[in-house]
Colleague: 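My structure is below; once you've seen it, I'll send some questions.
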Amino acid sequence: MSFHFSDGPIVAISTGTSEKSALGIVRVSGVKNLKFLVSLTGQSKFSEPESHKVYFSRFYTKNRELLDEGVFTYFKGPKSFTGENTVEFTLHGNPFNLERVLRYLVDEFGFRMAQSGEFSYRALKNNKMNLTQVEGLDLILNASSEFGLNSGLKALNNDLYSNYLRLRELILEIKASVEILIDFSEDVGEEEIKSKLNRDFSQLRVEVDKLYQRSKGNLNDLMAPVISLIGATNAGKSTLFNKLVGHNRAIVSDIHGTTRDYISEFIYLGDSPFKLIDTAGIREGAGEIEKIGIDQSIEINRKSFFKILVINPFSFIGSDLEIHGLKPDAIVLTHSDLDGFKDRVGAISVQFKDIPLFQSGSIGADFKSGPMGADSKSGPMGADSKSGPMGADSKSGPMGADLKSGPMGADSESGPIGALNDLENMILKEYQVLKEGSPIPFVRHRNVISAIYDELNNIYSVGQDLDDCAILSHHVNILSSKMDELIGVVSPQEVLDHIFANFCIGK
Amino acid sequence: MEQFKSFDITILGGGHAGLEAAWAANQFNLSVAIVTMPGVGLGSAPCNPAVGGVGKGQVVREIDAMGGLMGRLADLAGIQYRTLNESKGYAVQSTRVQIDKEKYSEFAERIIEESEITVIREKVLSVEKDPSGYFCLYGDKQNIKTSFLIVTTGTFLNGVLHTGEDITDGGRVGISQSPGMKELFSNIKTLKKRFKTGTPPRIKRHSIDFSKMEAQPSDTGSLNFHYDHSANSRNLKQVDCFLTRTNPKTLGIIRENKERSPIFNGQIQGVGPRYCPSIEDKAFRYEDRNVHHVFVEPEGLDIDSFYPNGISTSLPKEIQLEFLRTIDGLEKAEIDVFGYAVEYDVVDTLNMKRTLEHDSFEGLYFAGQVCGTSGYEEAGGQGLIAGFNAALKAKGKDPLILPRELSYIGVMIEDLVTNERDEPYRLFTARSENRLYIREDNSIERLFNFRESLELNSEVDYHNRKFIEAKVALENLCDETHYLPNRENRELFENMGLGGLKEKTTLTEVLKRSHIDPILTLKRILANSGITADDRLIRTVAITIKYRGYIAREEIENASLNKLENKTLEWKSLLDNSNLSFECKQRISKIKPETFGQLKRIEGIRPATLAFVASTL
């Protein structure tokens with residue numbers, strides 16, 4: 001993909017068009033003058049509207065047929081998102097209405113339909129944003145996790161970029177020292193330059209290490225954390241799924257619209273959206289077609305941020321999870337309200353002694369009536385994260401040593417079993433751990449940072465050859481061009497294409 | 001009736017650029033003349049008496065591989081050799097030769113005299129152009145008519161000398177200036193700024209106490225520049241250079257006299273080279289430093305004066321003497337010639353092609369210091385290119401353009417014609433992106449195809465071919481020779497300090513090992529096998545092998561960048577883009593970049609502009 005860069009006006013619907021909504025925005029960028037606005041409103045005063053001011057008007061075709069009524073704002077370049085003269089129309093949100101206006105603007109005034117990402121592209125081109133900011137914007141528009149959204153905002157505010165600029169400065173310093181050593185060592189004291197070089201290199205190493213640490217965590221888990229339910233057929237997965245979804249009422253639905261043989265739904269834990277997936281039940285002796293579903297379940301589980309094994313203690317005969325190489329993060333025992341539940345738990349908790357256990361009733365045993373109580377403030381297993389109620393702290397065992405006196409603990413040989421609230425807290429806490437140390441959210445950055453990290457290690461491993469300034473400078477040049485790549489000083493075509501291809505039209 | 005002498009190619013100026021231009025052009029069986037100021041020897045060295053240096057040694061060897069003159073003259077007149085950066089890696093090692101400046105000029109005179117080049121010793125007063133070529137008027141009704149004119153007038157165009165408050169016209173001390181560029185070429189654009197350069201006072205030999213200085217003897221291992229001189233032979237007797245230093249007293253005197261320094265009191269407007277600062281620059285720009293190196297260099301075997309390198313100055317005479325006498329070994333210094341600064345006109349090289357021909361005047365070329373460069377080597381490199389290209393054009397052949405990836409001459413010329421000069425241009429290795437490859441040792445390999453393309457079939461071509469054949473053969477030998485891990489070989493490795501031998505290893509792999517000296521090792525191994533080879537051959541093969549991996553890696557790293565680098569672009573269409581900054585557009589319209597690489601190298605182009613242009617290519 002590549003853009004053609006006529007500087008002419010472009011137009012697009014900038015709000016979502018999949019569903020009807022009260023309002024929708026049509027945006028025009030790159031107009032030299034506002035003749036079209038005069039024609040559209042039939043009012044000559046709009047040949048020079050004030051910038052950044054909202055006007056109400058009706059909009060007509062040139063035959064005086066009413067198109068719509070609404071408000072528009074003129075952003076005079078360069079004080080606009082794209083840096084060009086821009087007009088934004090806020091109209092009635094019916095997709096048909098927006099389409100009709102769009103088509104009229106294209107047919108009547110010769111505006112070009114914007115390609116995906118073209119508004120942002122113009123902003124980049126006109127120095128309104130740098131590459132990292134564009135990537136941040138991409139995240140804000142497309143993120144499906146709290147982390148993604150927040151990191152996008154930070155990137156847009158140049159947090160990461162200024163970090164990179166500092167690092168680039170340091171590399172330039174090093175580069176300069178090496179050049180002085182080669183070309184001007186007769187003029188400058190050699191010892192002085194060498195000790196500066198050593199200092200700068202140590203600092204570089206520290207800084208790059210920091211960035212490298214920030215690029216290590218699993219990005220998929222951060223950006224679109226998946227909680228998966230796995231278990232034998234009839235273990236009670238669907239019931240559990242419905243309980244979790246019901247309790248957490250996510251507003252969004254699965255916007256990616258992937259075809260799937262499994263059921264998924266977004267749920268909120270705290271402020272973070274998670275994708276909950278109910279996978280096909282695993283059982284022995286399944287038919288060919290069913291096996292495909294099972295393989296898929298295993299695959300989903302493997303990639304999940306949090307894996308929940310669902311077990312019906314009344315029909316549990318053993319686990320073949322080892323065969324599939326799956327290690328659950330938690331186990332939910334269903335049918336906890338049935339008689340004999342406690343007797344069954346013992347054997348299971350022995351088999352999974354390192355994995356935290358939770359329980360769920362077969363019917364109606366919702367969060368409020370659960371043994372741990374919904375009122376988290378008063379419950380010993382409550383949401384008070386300071387005391388680490390769910391024992392993510394692995395030293396103290398899965399449920400935490402301090403829980404022996406909990407309502408479930410004292411009389412149960414098999415150890416404490418948490419309620420679903422506790423399960424949710426555990427998931428949230430693990431997610432927060434993952435977010436610690438502000439991980440870098442862009443795959444492109446991570447790849448470059450990891451290449452810089454490798455190159456730096458490479459430099460240190462060459463050892464003696466570094467007395468050869470030409471070789472040293474060769475390595476430093478590689479570092480420096482990678483740094484330029486990171487900042488986007490010279491971006492290979494693919495990088496830009498990739499970035500802009502991910503945008504929805506109209507941004 | 002006017003009389004005139006007619007030539008195919010005429011060179012104005014007999015300095016280092018002029019000599020190379022004439023010598024190059026003369027290889028094409030054309031009539032060639034040098035017009036030079038009366039009283040100035042050909043190839044004279046008015047500044048420091050040395051040829052080569054970091055980056056510059058590479059240029060001298062490039063000139064030599066192309067059949068030029070400078071390396072040959074430097075060897076003939078060399079009185080002290082040094083290999084600079086000896087401990088800093090082979091790619092950045094450079095040869096520098098102190099020359100006997102009188103002998104250098106004498107050899108130049110003799111070689112030119114023995115050639116078919118005509119030398120006219122007159123001061124040119126005006127230049128005129130008509131459709132058939134150029135007329136140079138130098139005396140009463142005496143004219144030269146020439147199809148091609150190469151201007152290598154150095155600092156002589158509108159030259160003005162400064163020593164303290166004394167201001168005199170002249171291109172250098174004791175020699176008058178040429179008319180200004182504007183009088184000679186009314187339509188040639190010069191830079192608004194004039195450039196400035198300077199020299200230190202020369203000191204009489206008997207007044208120096210060498211015992212207080214550090215002697216630097218000539219390095220017997222340094223290799224001659226010229227292919228036809230055996231590797232380490234020396235034509236003249238070798239002598240020492242000396243190192244001493246300034247001290248707080250020295251700098252104190254200079255600082256007390258700021259208002260009498262033409263550079264700092266406004267008397268000199270011209271811009272000097274940052275890379276070759278005067279002692280006044282050092283005193284005022286680095287106020288916390290008082291110790292600077294001073295290299296005391298002989299100007300010749302029989303010349304009574306020494307050149308104190310590092311303290312060029314235009315201070316008044318009495319102050320020059322005063323600060324000089326604070327320096328160790330110079331307490332009783334007597335000055336032969338006082339230091340001075342010269343301001344001169346510089347042609348705007350942005351109006352020139354890569355052949356050094358002027359954009360708007362066909363057949364008119366410029367080379368050397370008049371193009372805003374400093375240094376004999378830079379001048380020589382340009383002279384060679386201008387001379388060859390004028391001759392090629394006269395013969396109706398394709399131009400000679402050396403690419404920047406393969407030569408320092410190419411780096412320099414591209415920098416000159418694509419970047420605005422705001423100070424004298426000096427070559428150094430950092431200007432090249434391909435430093436690991438463009439080295440002294442492989443100049444023949446780098447330029448072989450370009451010399452061949454001239455189709456001259458002379459002695460240098462014969463030598464180049466032989467050298468390349470031998471190089472390929474020796475490289476193959478290293479690739480094919482291998483050592484099995486037996487006891488005999490292990491002992492050999494131990495004795496030679498080559499490290500362990502655990503598996504079958506080729507000689508090439510051995511030479512790449514990081515702790516060994518590849519040149520010495522290859523030399524010894526060949527000697528053990530009874531193979532004799534020229535030191536220069538061994539050197540280039542050993543270094544080529546040593547760097548092979550790095551160069552391959554660099555090529556890969558640069559591949560995507562180079563793809564972009566060489567992409568052509570329409571600079572005019574960038575000017576229509578309403579949102580590029582005014583400043584960027586201004587620079588683009590001035591430099592007229594034809595490729596992305598050229599755009600990238602323009603100073604002050606914003607990253608966002610680059611990212612934008614990159615994505616449109």
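Naming convention: chains lettered A, B, ... in sequence-line order (proteins, then strands); numbering from 1 in each chain.
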Colleague: Measure across Asp468(A) and Tyr90(B) and return the closest heavy-atom pair with its distance rounded to 0.1 Å.
Modeller: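 Here Asp468(A) and Tyr90(B) meet closest at OD2-N, 3.9 Å.
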Colleague: Name the option with the most non-hydrogen atom pairs under 4.5 Å to chain A; the candidates are Val291(B), Thr429(B), Val54(B).
Modeller: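 Winner by heavy-atom pair count: Thr429(B).
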Colleague: Looking only at heavy atoms, what is the nearest atom pair of His474(A) and Tyr550(B), with distance?
Modeller: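 Answer, listing the atom of His474(A) first, then Tyr550(B): CE1-O, 3.2 Å.
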Colleague: Could you look at Arg431(B) and say if it's the side chain, the backbone, both or neither that has a heavy atom under 4.5 Å from chain A?
Modeller: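 Neither part; nothing is under 4.5 Å.
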Colleague: What's the shortest heavy-atom distance between Asn85(B) and Ile182(A), and which atoms?
Modeller: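 So the minimum-distance heavy-atom pair works out to ND2-O, 2.7 Å.
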Colleague: Which value, rounded to the nearest 0.5 Å, describes the distance between Lys56(B) atom NZ and Asp183(A) atom CG?
Modeller: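 Atom-to-atom, Lys56(B):NZ and Asp183(A):CG are 11.0 Å apart.
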Colleague: How long is the straight-line distance from SG of Cys469(A) back to CZ of Arg435(B), given to the nearest 0.5 Å?
Modeller: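 The SG atom of Cys469(A) is 8.5 Å from CZ of Arg435(B), to the nearest 0.5 Å.
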Colleague: Based on non-hydrogen pairs under 4.5 Å, which of Arg439(B), His292(B), Arg96(B) is most in contact with chain A?
Modeller: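 Top count of heavy-atom pairs under 4.5 Å with chain A: Arg96(B).
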